[in-house]
Amino acid sequence: MPDLGDVVSSVDRHARKPRVVGAARRPTEVSGPFVCGWSAVGDCAVVRVAGQVDLVTAPAFEHELRHVITTKLPKLVVDLRRVTLMEPAGVDVLSVAHDLAVEHGGWVRMSGAAKWLADLIGTITPTHYPTLAEALPAYRPLG
């Protein structure tokens, strides 16, 4: 039985590779099936995701979240406003990222997901907030 890497490599030959956008550049347009980028806001990182998170794009998504958590900031808000599809592989990535962030003294919060996506990710530990501002501690009202 082939492992996940073999399956993804096989699929990648026939599909566009996921595009990960570097820090400080926001994914404003989706030129492929998946775009991901991050930026710092206070003591948190905001990872913006756009497009489809599926078996093909999940490894790039996981790599980006792991990179941010382990080398940048372990407190992380994942902005899901522009996600058009999320398969179980994407939900697994979010769950793994949450556990990794906790190991590094941080947390993962989700924001802006459409109702279908909020219901889907509600089955895992990370918390969902309706807006990015509500998810960021620096912008939440005290009280």
Side-chain angles (χ1 to χ4, degrees), residues 1-5 7-12 14-23 25-143:
M1 182 169 152
D3 69 7
L4 179 60
V7 172
V8 171
S9 295
S10 160
V11 175
D12 277 347
H14 303 293
R16 267 184 110 154
K17 288 197 174 214
R19 187 172 135 223
V20 176
V21 179
R25 290 190 344 208
R26 296 171 52 175
T28 54
E29 292 183 41
V30 179
S31 61
F34 172 79
V35 180
C36 181
W38 75 274
S39 59
V41 178
D43 66 346
C44 299
V46 175
V47 175
R48 291 174 176 87
V49 185
Q52 301 175 1
V53 184
D54 55 21
L55 186 62
V56 174
T57 60
F61 186 34
E62 181 176 9
H63 174 78
E64 187 68 4
L65 292 178
R66 180 175 299 282
H67 170 74
V68 172
I69 291 166
T70 61
T71 66
K72 306 301 177 192
L73 297 163
K75 295 177 183 173
L76 181 63
V77 177
V78 181
D79 181 355
L80 300 169
R81 287 178 292 176
R82 295 186 180 126
V83 171
T84 57
L85 170 84
M86 181 163 301
E87 291 183 350
V91 176
D92 290 345
V93 167
L94 293 171
S95 180
V96 168
H98 174 265
D99 294 344
L100 183 63
V102 169
E103 287 175 23
H104 284 82
W107 41 256
V108 173
R109 296 176 179 171
M110 310 297 150
S111 73
K115 177 156 179 28
W116 66 267
L117 183 51
D119 291 345
L120 180 65
I121 63 174
T123 61
I124 59 175
T125 305
T127 306
H128 178 264
Y129 292 83
T131 67
L132 183 58
E134 290 173 276
L136 290 165
Y139 294 110
R140 288 200 328 238
L142 298 175

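Just so you know, these numbers come straight off a predicted model, no measurement behind them.
With a 4.5 Å cut-off on side-chain heavy atoms, Trp107 and Lys75 count as touching. Using a 4.5 Å heavy-atom threshold, the side chains of His63 and Cys36 count as separate. Within the 4.5 Å cutoff, the side chain of Leu76 has heavy atoms near those of the Val68 side chain. Side-chain atoms of Thr57 and Asp54, non-hydrogen and from C-beta on, do get closer than 4.5 Å to each other. Inter-residue side-chain proximity for Leu80 and Met86 is flagged as met; some heavy-atom pair is nearer than 4.5 Å.
When every heavy atom of Val108 is checked against every heavy atom of Ala97, the shortest pair comes out as CG2-O, 3.7 Å. Smallest separation of non-hydrogen atoms from His128 and Ala113: NE2-N, 3.0 Å. In plain terms, the two heavy atoms of Pro137 and Cys44 that are nearest each other are CD-SG, 3.7 Å. Taking both residues in full, the closest heavy atoms of Ala45 and Leu73 are given as N-CD1, 3.6 Å, listed atom of the first, atom of the second, then distance. Of all heavy-atom pairs spanning Ala135 and Ser111, the tightest one is CB-CB, 4.0 Å.
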Under the criterion side-chain contact (heavy atoms from CB on, under 4.5 Å), I'd like the reasoning laid out for Leu65 against Trp38: C-alpha separation, chi angles, the key distance, then a yes or no. CA-CA 9 Å; Leu65 292 178; Trp38 75 274; over 6 Å; no
Dump the intermediate steps for side-chain contact (heavy atoms from CB on, under 4.5 Å) on Val96 and Arg66, then the final yes or no. CA-CA 9 Å; Val96 168; Arg66 180 175 299 282; 4.0 Å; yes
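In this structure, the side chain of His104 does not engage the main chain of Ile69 through any donor-acceptor pair within 3.5 Å.
Separating the CH2 atom in Trp116 from the CG atom in Leu85 is a distance of 6.0 Å, to the nearest 0.5 Å. For the atom pair NE2 (His98) and CG (Leu100), the distance works out to 11.0 Å, reported to the nearest 0.5 Å. A distance of 11.0 Å separates CD of Glu134 from CZ of Arg109, quoted to the nearest 0.5 Å. Atom OG1 of residue Thr131 and atom CZ of residue Arg81 lie 9.0 Å apart, to the nearest 0.5 angstrom. Here Glu62 contributes atom CD and Leu94 contributes atom CG; the two are 10.5 Å apart, rounded to the nearest 0.5 Å.
Neither side chain, Asp92 nor Ser95, offers a donor N or O lying under 3.5 Å from an acceptor on the other.
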